[in-house]
Structures are given as C-alpha cells and as structure tokens.
Amino acid sequence: MQIDEDKIDEAALALLYLTLHDKFRAWKQIDWEITDRLFEKGFIYDPKGKTKSVCFTDEGLAKSEELFKKLFAK
C-alpha cells in the first residue's frame, strides 16, 4: 500500500490543534518524521530540542484549525 504523506501530515497537523495551549503551542506527541515535514512546510517552528511542545507559525495555526474543523467537527 502506498501512503500519502501529505494526508498524514494534514491529519497530524489537525491533531496538534487538539492539544493547543498558550495560544500557539501544541504537545509534541507526533512522530519525528512528521514533525520534520511540518517544519519543512512552514507550519511549525523547528521541533528539535528538549521541549515537549512545538510552536505553530501563524500559517500553521490557521491551517491546523481549518483541518481540525474539516476532519473532526460535526
């Protein structure tokens, strides 16, 4: 089976929105390969480090909210 990594990234970004705190931080519970891709796409700041959360860029925060509503809202 071929996996569409863009769809995985969209779902991961939406799930990060679920753990949003401090207006732009989300708990870093997503696979490192995915967070690296989200960083490369400009949705989060560099995820490498000892912190247990990632910071959204302005674009990433807006996109994560949009995807969360699209994928999970009733």
Side-chain angles (χ1 to χ4, degrees):
M1 168 176 50
Q2 290 185 333
I3 296 175
D4 185 336
E5 289 182 344
D6 288 331
K7 288 181 180 179
I8 297 293
D9 294 349
E10 287 182 354
L13 192 60
L15 288 171
L16 283 172
Y17 187 78
L18 184 62
T19 66
L20 183 67
H21 62 96
D22 295 335
K23 298 185 183 182
F24 63 94
R25 292 186 172 275
W27 294 113
K28 181 168 47 174
Q29 301 291 327
I30 303 293
D31 181 81
W32 285 106
E33 288 182 22
I34 297 170
T35 56
D36 287 343
R37 288 195 307 266
L38 293 176
F39 169 63
E40 290 170 7
K41 292 177 179 181
F43 293 132
I44 61 173
Y45 292 101
D46 194 348
K48 294 181 176 79
K50 294 181 181 183
T51 61
K52 294 183 179 184
S53 62
V54 293
C55 294
F56 287 107
T57 63
D58 289 340
E59 178 185 3
L61 181 58
K63 185 72 172 176
S64 68
E65 181 178 13
E66 171 193 329
L67 290 167
F68 183 82
K69 290 176 180 177
K70 174 184 170 185
L71 294 172
F72 304 117
K74 289 185 179 182

Exercise. About how many Å separate CD of Glu33 and CG of Leu38, when rounded to the nearest 0.5 Å?
Worked result: 12.0 Å
For this session: Decide yes or no for Leu20 and Phe56: does some side-chain heavy atom of the first lie under 4.5 Å from some side-chain heavy atom of the second?
Result: yes
Exercise. Any donor-acceptor pair under 3.5 Å linking the side chain of Thr35 with the backbone of Pro47?
Worked result: no
For this session: Could you state whether Ile34 and Trp27 fall into the same hydrophobic cluster, counting links through intermediate Ile, Leu, Val, Met, Phe, Trp or Tyr residues with side-chain heavy atoms under 4.5 angstrom apart?
Result: no
Using distance only, find each side-chain donor-acceptor pair of residues 62-74 under 3.5 Å and give its atom names and separation, not counting sequence neighbours.
residue	atom	partner	partner atom	Å
Ser64	OG	Gly60	O	3.2
Ser64	OG	Leu61	O	2.9
Glu65	OE2	Lys69	NZ	3.1

Exercise. Quick one: CG on Asp31 to CG on Asp36, what's the gap to the nearest 0.5 Å?
Worked result: 8.5 Å
For this session: Would you kindly confirm whether Leu15 and Phe24 end up in one hydrophobic cluster when ILVMFWY residues are joined by side chain heavy atoms under 4.5 Å apart?
Result: no
Problem set entry | Any donor-acceptor pair under 3.5 Å from Thr57 side chain to Phe43 backbone | yes
Problem set entry | Spacing of Ile30 atom CD1 and Leu16 atom CG [to the nearest 0.5 Å] | 4.5 Å
For this session: Working to the nearest 0.5 Å, report the span between NZ of Lys28 and SG of Cys55.
Result: 9.5 Å
For this session: Work out which heavy atom in Ser53 is nearest to a heavy atom in His21; give both atom names and the distance.
Result: CB-NE2, 3.9 Å
Problem set entry | side-chain hydrogen bond (donor to acceptor under 3.5 Å, both in side chains) contacts in which one or both residues fall within residues 4-15, not counting sequence neighbours | Asp6-Lys41, Asp9-Arg37, Asp9-Lys41
Exercise. Any link between Val54 and Phe39 through a network of hydrophobic side chains (Ile, Leu, Val, Met, Phe, Trp, Tyr) touching at under 4.5 Å?
Worked result: yes
For this session: Determine, using the 4.5 Å side-chain heavy-atom cutoff (strictly less than), whether Ile8 and Tyr17 are members of one ILVMFWY cluster.
Result: yes
Problem set entry | With Asp22 via side chain to side chain contact (heavy atoms under 4.5 Å, CB included) - residues at least two apart | Arg25
